[in-house]
Amino acid sequence: MRIDIVTIFPTFFDALDISLLGKAKTSGLLELAVHDLRDFTHDRHRTVDDTPYGGGAGMVMKPEPWGEALDEVLDGAEDPLVIFPSPAGEVFTQATARALATEQHLVFGCGRYEGIDQRVFDEASEHARVRLVSMGDYVLNGGEVAVMAMIEAIGRLIPGVVGNPESLVEESHENGLLEYPSYTKPAVWRGREVPPVLLSGNHGAIAEWRREQQLERTRRVRPDLLAD
Ligand SMILES: Oc1ccccc1-c1ccno1
């Protein structure tokens with residue numbers, strides 16, 4: 001998979017050089033390029049924003065730098081999917097991550113300020129598939145945090161990135177439920193014992209207990225996940 005990111009804070013994504021995603025880059029499973037939007041400006045101040053037409057507080061990201069940046073990133077690309085994090089987007093879920101992990105080329109556009117001139121989305125939509133994606137019902141200062149979260153959620157689902165694929169199966173949201181509680185040594189810690197069933201060696205009983213824990217936790221914390 002190739003990932004391109006367009007942002008005014010390119011160093012924000014230095015963190016992608018560490019941990020699993022760093023190994024995925026080194027191994028060639030993941031090709032990543034970060035582009036500084038200001039490299040596509042032509043004025044002395046490298047201006048990327050301006051006041052909104054119609055008035056209002058804040059600034060809007062200018063279309064020209066975005067147009068030139070996306071022209072470069074999309075030039076010669078084969079069926080890329082362009083994703084802009086936005087509070088106005090469809091909500092990102094594990095199902096979204098699974099679907100995006102099958103894409104060959106993702107382009108992430110990180111908006112800042114009060115957003116990006118609408119004509120950028122309209123123009124990009126004539127050259128590629130474009131989606132606005134929300135990380136949830138809250139407001140961030142920009143798309144970089146959202147893109148980092150999406151890249152981690154997507155990247156770990158790319159075959160070969162996570163050492164043991166089995167570890168992906170019993171996670172929250174993989175089977176529509178929240179994950180069961182986990183325990184490790186010591187068997188007793190500050191007087192708190194590990195549930196005896198987990199020490200029983202009875203794999204059937206352990207699986208049943210874990211399923212019951214998933215259902216109980218989901219009913220308690222996220223009943224919406226159980227709604228039809
Ligand atoms: O609040 C935002 C500002 C810019 C880009 C994305 C967001 C956002 C908020 C929730 N999901 O995405």
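When a ligand or atom number is given, it counts from 1 through the structure's own listing order. In this text the structure is predicted, and so the values were computed from the model without any measurement. FYI, the numbering just counts along the sequence from 1.
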For D4 and H35, run side chain to side chain donor-acceptor pair (under 3.5 Å): C-alpha distance rounded to whole Å, both residues' side-chain angles, the deciding distance at 0.1 Å, then the answer. CA-CA 7 Å; D4 287 281; H35 310 267; 2.7 Å; yes

Sort out for me which residue in I8, T47, V48 forms a side chain to side chain contact (heavy atoms under 4.5 Å, CB included) with T41. V48

Pairing of D43 and K62 as salt bridge, 4.0 angstrom limit: no

Are W66 and F121 close enough, and set up right, to give a side chain to side chain contact (heavy atoms under 4.5 Å, CB included), and what steps lead you there? CA-CA 10 Å; W66 277 104; F121 307 125; over 6 Å; no

Report yes if the side chains of R210 and P181 come closer than 4.5 Å at any heavy-atom pair, otherwise no. no

Taking side-chain hydrogen bond (donor to acceptor under 3.5 Å, both in side chains) as the definition, give me every residue that meets it alongside E152, ordered by chain and number, with sequence neighbours left out. none

Provide, line by line, the atom pairs where ligand 1 and the protein bring an N/O atom each to a distance under 3.5 Å; else say none.
{"unit_1": "ligand 1", "atom_1": "1 (O)", "unit_2": "L140", "atom_2": "N", "d": "2.6"}
{"unit_1": "ligand 1", "atom_1": "1 (O)", "unit_2": "L140", "atom_2": "O", "d": "3.3"}
{"unit_1": "ligand 1", "atom_1": "11 (N)", "unit_2": "M135", "atom_2": "N", "d": "2.8"}

